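For reference, the structure is listed below as C-alpha cells.
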Amino acid sequence: CVGNAEQRFEEDALRILRAMRFAIRYDFVIELDTVAAMNKCKYLLSKISEERINSELTQMLSCKGENICFTFSYTIDVLKVIVPELRFVLSDSWLLILKEPNEIYTRLALFFDFYNPETILRRMRFDNKVISSVSNIRKYGQAMFYSDDVFENETFFAKWLLNRIGYDDTIGAIQYAKTYA
C-alpha cells in the first residue's frame with residue numbers, strides 16, 4: 001500500500017482482496033503490517049457487493065502456482081468474512097488441495113468442498129453455468145474417488161460421464177478425484 005495501509009483499505013475495502021490477488025498472481029508475500037491492516041479492516045468487506053467479491057475471488061483462483069495456498073493460509077481471517085461458512089472449518093490444511101488443478105471450476109469445487117457449494121455460489125452471484133459445472137465436478141469427482149469400482153469398466157464410465165456432463169466437466173471431475181487420491 002502507498003502510505004498507511006489501514007487508510008487505503010478504509011477508502012476502498014476491495015483493495016484487501018486485490019492485495020491478496022496480486023500476492024498470488026505475482027508470487028510475493030504481503031508485508032506483516034499490511035496483513036495486520038487487512039485483518040483490522042476486514043469487516044469493511046461486508047459492505048462490498050457480492051459481484052465484486054466474486055470477480056476478485058475468481059481471479060485469485062484462476063492464478064497458477066502454489067502461492068495461492070500460502071496466501072490464503074495467512075489471510076484466512078479475511079476469507080472468513082467473504083465466505084462465512086469457513087468459520088466452521090477447523091483447519092486451513094484443506095487449502096493445500098488447490099495446488100494441483102489449474103482449471104477454475106475444479107478449483108471452485110475444491111475451494112468450497114467443505115460445504116454445499118451451490119449455496120455459496122448463488123449467494124456470490126455466480127451464473128448458472130458455473131454453479132452447474134462446479135456441482136457436476138464435485139458430485140462425479142466424489143463418485144470416482146469414493147467408488148472402489150467405477151462401474152467395473154473405466155471405458156464405459158468415461159463414455160457415460162462424457163455423455164452426461166460433457167468434456168470440460170468430465171476433465172474437472174477427474175482432476176477433482178485425482179486431487180484427493
Side-chain angles (χ1 to χ4, degrees), residues 14 17-18 20-27 48-73 75-76 78-80 82-86 88-89 91-181:
L14 195 63
L17 298 180
R18 286 192 186 126
M20 292 168 59
R21 177 169 51 96
F22 292 155
I24 292 166
R25 175 159 293 153
Y26 300 114
D27 200 28
I48 301 294
S49 74
E50 294 290 349
E51 291 85 359
R52 292 177 77 195
I53 291 172
N54 168 338
S55 174
E56 289 297 325
L57 183 62
T58 301
Q59 289 179 66
M60 284 184 237
L61 290 171
S62 296
C63 294
K64 296 185 180 0
E66 295 181 11
N67 200 30
I68 192 168
C69 305
F70 181 68
T71 301
F72 279 178
S73 66
T75 57
I76 192 75
V78 172
L79 290 173
K80 288 178 183 177
I82 63 172
V83 184
E85 294 83 358
L86 280 171
F88 300 115
V89 178
S91 166
D92 63 355
S93 61
W94 61 275
L95 290 170
L96 294 173
I97 61 176
L98 293 175
K99 280 186 191 179
E100 191 60 35
N102 287 322
E103 200 273 322
I104 183 64
Y105 296 161
T106 308
R107 280 198 169 172
L108 282 167
L110 291 166
F111 184 73
F112 295 123
D113 201 31
F114 60 88
Y115 192 75
N116 179 0
E118 294 86 2
T119 305
I120 300 169
L121 294 171
R122 284 194 199 293
R123 184 185 69 234
M124 294 183 80
R125 308 269 195 261
F126 281 89
D127 64 39
N128 289 334
K129 165 69 174 117
V130 173
I131 294 168
S132 174
S133 287
V134 169
S135 297
N136 285 335
I137 288 167
R138 186 168 181 252
K139 177 181 176 181
Y140 293 106
Q142 286 178 349
M144 279 187 254
F145 178 72
Y146 290 114
S147 177
D148 291 333
D149 53 0
V150 180
F151 294 137
E152 301 276 327
N153 184 336
E154 291 177 10
T155 304
F156 173 79
F157 180 72
K159 287 179 181 178
W160 177 83
L161 200 55
L162 282 166
N163 187 38
R164 184 155 182 98
I165 63 173
Y167 179 80
D168 292 335
D169 288 356
T170 299
I171 296 300
I174 292 167
Q175 287 178 332
Y176 177 101
K178 279 184 168 180
T179 300
Y180 282 109

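The model shown is predicted, which means the values in this text are computed figures rather than measured ones.
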How long is the gap from [atom1] on [X] to [atom2] on [Y], to the nearest 0.5 Å?
X    : Y    : atom1 : atom2 : value
L14  : I48  : CG    : CD1   : 5.5 Å
W160 : Y140 : CH2   : OH    : 4.5 Å
L121 : I131 : CG    : CD1   : 5.5 Å
N163 : K159 : CG    : NZ    : 11.0 Å
S135 : L108 : OG    : CG    : 11.0 Å
I53  : R123 : CD1   : CZ    : 9.0 Å

Between the main-chain N or O of [Y] and the side-chain N or O of [X], is there a donor-acceptor pair closer than 3.5 Å?
X    : Y    : value
N136 : D169 : no
S73  : F70  : yes
R107 : L61  : yes
N67  : R25  : no
S132 : N128 : no

Could you check L57 against L17 for side chain to side chain contact (heavy atoms under 4.5 Å, CB included), going step by step and ending with a plain yes or no?
CA-CA 8 Å; L57 183 62; L17 298 180; over 6 Å; no

Between R18 and M60, does the side chain to side chain contact (heavy atoms under 4.5 Å, CB included) criterion hold? Intermediate values first, please.
CA-CA 9 Å; R18 286 192 186 126; M60 284 184 237; over 6 Å; no

Closest approach of [X] to [Y] (non-hydrogen atoms, all atoms of both residues):
X    : Y    : value
G141 : A177 : O-CB, 3.5 Å
A109 : I137 : CB-CG2, 3.9 Å
S62  : T58  : OG-O, 2.7 Å
G172 : T106 : CA-OG1, 3.2 Å

Note, [X] side chain near [Y] side chain (heavy atom, < 4.5 Å):
X    : Y    : result
E103 : S133 : no
N116 : I120 : no
R21  : Y26  : no
V134 : F126 : no

Kindly determine whether E50 and I82 satisfy side chain to side chain contact (heavy atoms under 4.5 Å, CB included), including the steps that lead there.
CA-CA 9 Å; E50 294 290 349; I82 63 172; over 6 Å; no

Are a donor atom and an acceptor atom from the side chains of S55 and Q59 found within less than 3.5 Å of each other?
yes

Would you please say whether a donor-acceptor pair under 3.5 Å links the side chains of Y176 and D113?
yes

Are any of the side-chain nitrogens in E118 or K139 under 4.0 Å away from the carboxylate oxygens of its partner?
no

Do E51 and R125 meet the salt-bridge criterion of a basic N to acidic O distance under 4.0 Å?
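Result for this pair is yes, salt bridge flagged.
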
Do M144 and L161 pass the side chain to side chain contact (heavy atoms under 4.5 Å, CB included) test, and can you show the C-alpha distance, the side-chain angles, and the key distance before you say yes or no?
CA-CA 11 Å; M144 279 187 254; L161 200 55; 3.6 Å; yes

Parallel, tilted or perpendicular for F72 and F111, by the 30°/60° rule?
tilted

